[in-house]
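Contents: one structure, followed by commentary.
Reckoned from all heavy atoms, side chains included, excluding hydrogens, waters and symmetry mates.
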Amino acid sequence: IQMRPNRRKGAVIAVLALVLAAALAACGSSNDDTSSGSKLTPVKLQLQWVAQAQFAGYYAAVAQGYYKDEGLDVSIAEGGPDIVPIDSLTAGDVDYAISWVPKVLGSIEAGAKVTDVAQIFERSATTQISFKDKGITDPAALKGKKVGSWGYGNEWELFAGMQKAGVSVKDIKLVQQAFDMNGFLAGDIDAAQAMTYNEYAQVLETKNPKTGELYQPSDLNVINWNDVGTAMLQDAIWAPSDKLADADFADQTVKFIKASIKGWVYVRDHPEEAAQIVTTAGSQLGQSHQLWMTNEINKLIWPSSAGVGLVNEAAWKQTVDIALGTKN
């Protein structure tokens with residue numbers, strides 16, 4: 001993809017201005033913007049994936065009435081393998097969408113007019129994991145190995161990390177990884193993609209056939225792209241850029257961001273209750289796995305270096321530069 005610098009800079013400025021307004025608004029009472037007895041405004045949010053604690057803040061904001069406090073009646077649409085959140089957003093099917101920044105950059109270059117109005121995750125949760133006997137301790141060690149990737153925009157950090165270490169895609173056997181860890185556990189993949197909040201836990205919830213006991217972190221090597229320096233911005237709230245020029249929609253967006261961040265504060269302070277909220281909302285994951293996910297998601301948001309929702313320009317530039325400079 002190609003991203004012209006002026007477009008990127010303009011997008012960042014617009015994001016910072018709007019989210020700063022949200023941060024200032026959040027300093028007031030939760031009832032400041034709601035008139036008694038006023039009709040709630042219907043709002044639809046599109047998730048990037050199915051119901052799980054990755055999106056606990058939004059479910060918590062619904063359950064705790066934070067959106068209603070802002071005069072909003074928010075419904076949440078689950079995602080899935082056949083749903084592209086930004087397509088739903090640009091088609092006008094939803095008001096806001098959750099998606100990773102690298103997944104959206106191509107859509108922006110193709111003409112999608114969308115803006116990152118709140119960067120919720122400050123850190124990346126993507127890792128490449130392997131069993132200790134494979135000896136894969138860094139990206140350079142991936143050379144000659146069977147390396148799994150989900151694709152669909154999830155591969156950027158992996159490819160950037162490899163190429164930073166002098167390993168090209170031709171130097172590995174790239175395996176199309178399913179959205180589970182079965183191929184890894186079966187030995188078909190030497191190093192598999194795993195989110196800290198999901199697939200990594202799936203491995204630790206599996207018994208090692210050699211010992212009859214659950215796998216332990218000590219059984220695994222983990223390549224963390226935050227440490228390697230090729231991490232990219234992930235979950236953000238996106239809105240249609242054109243609609244943000246409308247004062248009413250801009251005001252609604254500030255209220256939506258404010259309530260969403262309050263939801264994430266609730267998740268931080270009440271992880272067990274938040275995990276239960278997501279389970280009640282229809283997640284198919286077990287309660288203990290959901291709690292693991294909640295705790296790991298909190299690490300991606302807190303501590304926040306500048307305030308939840310604000311876009312770090314250095315992280316944004318790194319994300320765009322990787323998308324521009326990485327052979328894919």
Can you see whether [X] engages [Y] through a side-chain donor-acceptor pair at a distance of less than 3.5 angstrom?
{"X": "Tyr96", "Y": "Gln252", "answer": "yes"}
{"X": "Glu155", "Y": "Asn328", "answer": "yes"}
{"X": "Gln193", "Y": "Thr126", "answer": "no"}

Check whether [X] and [Y] end up in the same hydrophobic cluster, where Ile, Leu, Val, Met, Phe, Trp and Tyr are linked by side-chain heavy atoms less than 4.5 Å apart.
{"X": "Phe179", "Y": "Ile189", "value": "no"}
{"X": "Val167", "Y": "Val169", "value": "yes"}
{"X": "Phe249", "Y": "Leu72", "value": "yes"}
{"X": "Ile257", "Y": "Phe121", "value": "yes"}
{"X": "Leu158", "Y": "Met232", "value": "no"}

Item to check | Gln46/Ile83 under side chain to side chain contact (heavy atoms under 4.5 Å, CB included): CA gap, chis, key distance, verdict | outcome: CA-CA 9 Å; Gln46 175 66 61; Ile83 295 175; 3.7 Å; yes
Flag side-chain contact, heavy atom, 4.5 Å: [X] against [Y]:
{"X": "Glu205", "Y": "Leu214", "answer": "no"}
{"X": "Glu273", "Y": "Gln276", "answer": "no"}
{"X": "Ile136", "Y": "Phe131", "answer": "no"}
{"X": "Leu291", "Y": "Pro271", "answer": "yes"}
{"X": "Gln284", "Y": "Val50", "answer": "no"}
{"X": "Leu45", "Y": "Val94", "answer": "no"}
{"X": "Thr326", "Y": "Gln163", "answer": "yes"}
{"X": "Val117", "Y": "Phe256", "answer": "no"}

Item to check | Test of ring centre spacing under 6.0 Å for Tyr58 and Tyr67 | outcome: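 No, ring centres 6.0 Å or more apart.
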Checklist entry - Is the centre of the Trp264 ring less than 6.0 Å from the centre of the Tyr66 ring? => result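 No - the distance between ring centres of Trp264 and Tyr66 does not fall below the 6.0 Å cut-off.
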Distance in Å, [X] [atom1] paired with [Y] [atom2], rounded so as to fall on 0.5 Å steps:
{"X": "Tyr215", "Y": "Gln202", "atom1": "OH", "atom2": "CD", "answer": "14.0 Å"}
{"X": "Thr211", "Y": "Asn208", "atom1": "OG1", "atom2": "CG", "answer": "4.0 Å"}
{"X": "Tyr200", "Y": "Glu296", "atom1": "OH", "atom2": "CD", "answer": "8.5 Å"}
{"X": "Lys113", "Y": "Ile86", "atom1": "NZ", "atom2": "CD1", "answer": "14.0 Å"}
{"X": "Ser149", "Y": "Gln128", "atom1": "OG", "atom2": "CD", "answer": "7.0 Å"}
{"X": "Thr253", "Y": "Asp246", "atom1": "OG1", "atom2": "CG", "answer": "9.0 Å"}

Checklist entry - Would Gln287 and Thr279 count as a side chain to side chain donor-acceptor pair (under 3.5 Å) if you check the C-alpha gap in whole Å, the side-chain angles of each, and the deciding distance to 0.1 Å? => result CA-CA 7 Å; Gln287 182 66 16; Thr279 300; 2.8 Å; yes
Look only at the side chain of [X] and the backbone of [Y], and say whether a donor-acceptor pair between them is shorter than 3.5 Å.
{"X": "Asn154", "Y": "Gly151", "result": "yes"}
{"X": "Arg123", "Y": "Lys299", "result": "yes"}
{"X": "Glu122", "Y": "Leu300", "result": "no"}
{"X": "Lys146", "Y": "Gly187", "result": "yes"}
{"X": "Asn198", "Y": "Met195", "result": "no"}
{"X": "Asp73", "Y": "Pro42", "result": "no"}
{"X": "Trp316", "Y": "Val101", "result": "no"}
{"X": "Gln234", "Y": "Ala125", "result": "yes"}

Checklist entry - When you check the gap from the basic side-chain N to the acidic O, do Glu70 and Lys258 get nearer than 4.0 Å? => result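 Judged by the 4.0 Å cut-off on N to carboxylate O distance, Glu70 and Lys258 do form a salt bridge.
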Item to check | SB check Lys44 Asp95 (cutoff 4.0 Å) | outcome: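 Between Asp95 and Lys44 there is no salt bridge, as every charged N stays at least 4.0 Å from the carboxylate O atoms.
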Going by atom type alone, with no hydrogens or angles, which donor-acceptor pairs under 3.5 Å involve a side-chain atom of residues 223-230 and a protein atom two or more places apart or on another chain?
unit_1: Asn224; atom_1: OD1; unit_2: Asn226; atom_2: N; d: 2.8
unit_1: Asn224; atom_1: OD1; unit_2: Asn226; atom_2: ND2; d: 2.9
unit_1: Asn226; atom_1: OD1; unit_2: Ser124; atom_2: N; d: 3.2
unit_1: Asn226; atom_1: ND2; unit_2: Ser124; atom_2: O; d: 2.8
unit_1: Thr230; atom_1: OG1; unit_2: Glu157; atom_2: O; d: 3.3

Checklist entry - Does Asp235 have any salt bridge (Lys or Arg N to Asp or Glu O under 4.0 Å) partners at least two apart in sequence or in another chain, and if so, which? => result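 Asp235 satisfies salt bridge (Lys or Arg N to Asp or Glu O under 4.0 Å) with no other residue.
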Item to check | Worked check of side chain to side chain contact (heavy atoms under 4.5 Å, CB included) between Phe55 and Glu78 | outcome: CA-CA 10 Å; Phe55 314 109; Glu78 291 189 46; over 6 Å; no
Which heavy atom of [X] sits nearest a heavy atom of [Y], and at what distance?
{"X": "Thr319", "Y": "Leu233", "answer": "OG1-N, 3.0 Å"}
{"X": "Ala53", "Y": "Val278", "answer": "N-CG1, 3.7 Å"}
{"X": "Gly80", "Y": "Trp49", "answer": "C-CZ3, 3.5 Å"}
{"X": "Ala275", "Y": "Gln290", "answer": "O-CG, 3.6 Å"}
{"X": "Ala231", "Y": "Gln318", "answer": "O-NE2, 2.7 Å"}
{"X": "Pro139", "Y": "Gly161", "answer": "CB-O, 3.5 Å"}

Checklist entry - Checking side chain to side chain contact (heavy atoms under 4.5 Å, CB included) for the pair Trp238/Ile98: CA distance, chi angles, key distance, verdict? => result CA-CA 6 Å; Trp238 297 84; Ile98 307 300; over 6 Å; no
Next on the checklist: side chain to side chain contact (heavy atoms under 4.5 Å, CB included), that's the test. Do Trp302 and Val265 meet it? Break it down for me.
Outcome noted: CA-CA 9 Å; Trp302 317 99; Val265 171; 3.8 Å; yes
Checklist entry - Going through the distances and angles, do Gln48 and Ser99 end up as a side chain to side chain donor-acceptor pair (under 3.5 Å)? => result CA-CA 5 Å; Gln48 181 171 282; Ser99 189; 3.2 Å; yes
